[in-house]
Amino acid sequence: MHEEMTAAMQWNCLDGLSMEATARDLPNLAAMASRFAPGTIVAIPYLASESDTDRLDAAAAIRELGFTPMPHIAARRLTSRDALERLLEGWAARAKVERMLVLAGDCARPAGPFEDALALLQTGLLPRHGVHTAVISGYPEGHPKIPDPRLARAMRDKLAAIADQGLAAEIATQFCFSAERLLDWLEELRAGGVLAPVRLGIPGPANLRTLLRYAALCGVSASAAVLARYGFSLTKLRSHAGPDQLVHALASGLAPGRHGQVFAHFYPFGGMSSLGAWLDRQRFVHAPLVKVGIS
């Protein structure tokens, strides 16, 4: 037990971290690029309000900053196989995209031939266009529209499809306010034989009103008790909090033998600048300055 606790305390949310950045976040990301290590993984959400050109430009800009772009791709929003191939070709040519987060997408009906993320993975197109790591979603608190047994089966099927193509697999989770739930979910995952590295979704610093809005949109539990442990009071909607208590609880509870390889994935709900300042307070030691150049 002593050895396990010693190993657990070595987990650092800054080691190998990844984060989300929309196209509108890019100017702030560029301005603070020196705060992050070269090669830091930056995920690009697949927003309905953006065009494929926006998605390609964002990935190219992130690569130019010296970071690793990780575009999301929403299977149900793609209108055709050709549309998928054009995106993959563009990401490969302009941004050397090697990792991608494959999602079903939240539209009620598929816009084209892909019913879900598995259907997209099974095309075999990702490795043909230079992708070597396929990332799939994880839901520590379950999915509001998908029963848990079906969710678990879908994860197994996607991991099998990824392995069949010789790709590396990772899991990136929905954000969560509860360290206890995250740790329990990781144990359940590992006990079920899923050994892929996991990127735990952690909300960046923000005010309570903002976090409640995102929690409602994403089906994330935000009870008074959970938020109190996170550092909020429901009577103070304008109050701000960072994930200090959540990260401390994770660092205290994570044990590689039970939980496997785990990284932090930050959602900058309160803005990229707030996240950067919070990371600075965590004594984030970055590599030499990255040249900034948004095209």
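In this text the structure is predicted, and so the values were computed from the model without any measurement.
Of the possible donor and acceptor atoms, none in the side chain of Arg199 sits under 3.5 Å from a partner among the backbone N and O of His265. Between the side chain of Asp157 and the main chain of Ala154, no donor-acceptor pair closer than 3.5 Å is present. Proximity of a side-chain donor or acceptor of Arg81 to a complementary backbone N or O of Glu85 within less than 3.5 Å is not detected. For the pair Trp11 (side chain) and Val262 (backbone), a donor-acceptor distance under 3.5 Å is present. When atom types are taken as modelled, the side chain of His248 and the backbone of Asp244 share no donor-acceptor pair closer than 3.5 angstrom. At least one donor-acceptor pair under 3.5 Å links the side chain of Arg55 to the backbone N or O of Leu47. In terms of modelled atom types and a separation under 3.5 Å, the side chain of Arg76 and the main chain of Cys107 share a donor-acceptor contact.
Counting all heavy atoms, side chain and backbone alike, Gly142 lies closest to Asp148 at CA-OD1, 3.8 Å. Nearest heavy atoms, Ala43 versus His72: CB-NE2, 3.6 Å. Taking all atoms of both residues into account, the shortest heavy-atom contact from Leu121 to Ala161 is CB-CB, 4.4 Å. Summarising the geometry of Glu50 relative to Ala23, their closest heavy-atom pair is OE2-CB, 3.5 Å, with the distance given to 0.1 Å. Shortest non-hydrogen contact noted between Ser178 and Leu246 is C-CD1, 3.9 Å. Between Pro243 and Gly204, the shortest heavy-atom contact is CD-C, 4.4 Å.
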Sequence neighbours left out, cut at 3.5 Å: what donor-acceptor pairs do the side chains of residues 267-274 make with other protein atoms?
| unit_1 | atom_1 | unit_2 | atom_2 | d |
| --- | --- | --- | --- | --- |
| Tyr267 | OH | Thr173 | O | 2.8 |
| Ser274 | OG | Gly270 | O | 3.4 |

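The shortest side-chain heavy-atom distance between Arg94 and Arg63 does not fall under the 4.5 Å cut-off. The shortest distance between side-chain heavy atoms of Val97 and Pro71 falls below 4.5 Å. Looking at Trp185 and Val198, their side chains come closer than 4.5 Å, going by heavy atoms from C-beta outward. Counting only heavy atoms from C-beta outward, the side chains of Pro45 and Glu20 approach each other to under 4.5 Å. Counting heavy atoms from C-beta outward, Leu126 and Val102 have side chains that approach closer than 4.5 Å. Trp91 places none of its side-chain heavy atoms less than 4.5 Å from the side chain of Pro69. Side-chain contact between Val131 and Leu125 is absent, with no heavy-atom pair separated by less than 4.5 Å. Between Phe266 and Trp278, some side-chain heavy-atom pair lies under the 4.5 Å cut-off.
Considering CG of Asp54 and CG of Leu26, their distance stands at 10.0 Å, rounded to 0.5 Å. With values rounded to the nearest 0.5 angstrom, Leu29 atom CG is found 10.0 Å from Leu275 atom CG. Atoms NZ and CG, on Lys158 and Asp116 in that order, are 7.5 Å from each other to the nearest 0.5 Å. Here OG1 of Thr68 is found 10.0 Å from CD1 of Ile62. Values are rounded to the nearest 0.5 Å. One finds the CZ atom of Arg86 at 11.0 Å from the CG atom of Leu56 (value rounded to the nearest 0.5 Å). From Ile202, atom CD1 reaches atom SG of Cys13 across 6.0 Å, with rounding to the nearest 0.5 Å.
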Go through Phe177 and Leu182 one step at a time and tell me if the side-chain contact (heavy atoms from CB on, under 4.5 Å) criterion holds.
CA-CA 9 Å; Phe177 296 112; Leu182 289 171; over 6 Å; no
Test side-chain contact (heavy atoms from CB on, under 4.5 Å) applied to Ile73 and Leu78, step by step:
CA-CA 9 Å; Ile73 189 159; Leu78 292 166; 4.0 Å; yes
Might you work through the side-chain contact (heavy atoms from CB on, under 4.5 Å) test for Leu279 and Phe36, ending with a clear yes or no?
CA-CA 9 Å; Leu279 291 172; Phe36 301 100; 3.2 Å; yes
Dump the intermediate steps for side-chain contact (heavy atoms from CB on, under 4.5 Å) on Glu141 and Cys176, then the final yes or no.
CA-CA 8 Å; Glu141 297 181 306; Cys176 183; 4.0 Å; yes
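The cluster map of Ile, Leu, Val, Met, Phe, Trp and Tyr, joined by side-chain heavy atoms under 4.5 Å apart, puts Met100 and Leu118 in different clusters. Leu17 and Met32 end up in the same hydrophobic cluster when Ile, Leu, Val, Met, Phe, Trp and Tyr side chains are linked at under 4.5 Å. Leu14 and Leu200 end up in the same hydrophobic cluster when Ile, Leu, Val, Met, Phe, Trp and Tyr side chains are linked at under 4.5 Å. Met19 and Phe263 are not part of a single hydrophobic cluster, where members link through side-chain heavy atoms under 4.5 Å apart. Transitive grouping of hydrophobic side chains (ILVMFWY, heavy atoms separated by less than 4.5 Å) keeps Leu189 and Leu151 in distinct clusters.
Residue pairs meeting the side chain to side chain donor-acceptor pair (under 3.5 Å) criterion with at least one partner in residues 95-111, sequence neighbours excluded, are Arg77-Asp106, Glu98-His132, Arg99-Glu170.
Partners of Glu188 by side-chain hydrogen bond (donor to acceptor under 3.5 Å, both in side chains), not counting sequence neighbours, listed by chain and number: Arg181. With sequence neighbours excluded, the residues forming a ring pair (Phe, Tyr, Trp, His ring centres under 6.0 Å) with Tyr139 are His143, listed by chain and number. When the salt bridge (Lys or Arg N to Asp or Glu O under 4.0 Å) test is applied to Glu89, no partner is found at least two apart in sequence or on another chain.
Taking a 6.0 Å sphere around CZ of Arg150, one finds it holds 12 or fewer heavy atoms contributed by other residues, nucleotides or ligands.
A salt bridge is defined here as a Lys NZ or Arg NE, NH1 or NH2 lying under 4.0 Å from an Asp or Glu carboxylate O, and Arg35 with Asp280 meets this definition.
Residue Met70 is found in a hydrophobic cluster whose other members, listed by chain and number, are Ile41, Leu101, Leu103, Val135; membership requires side-chain heavy atoms under 4.5 Å apart, directly or through intermediates.
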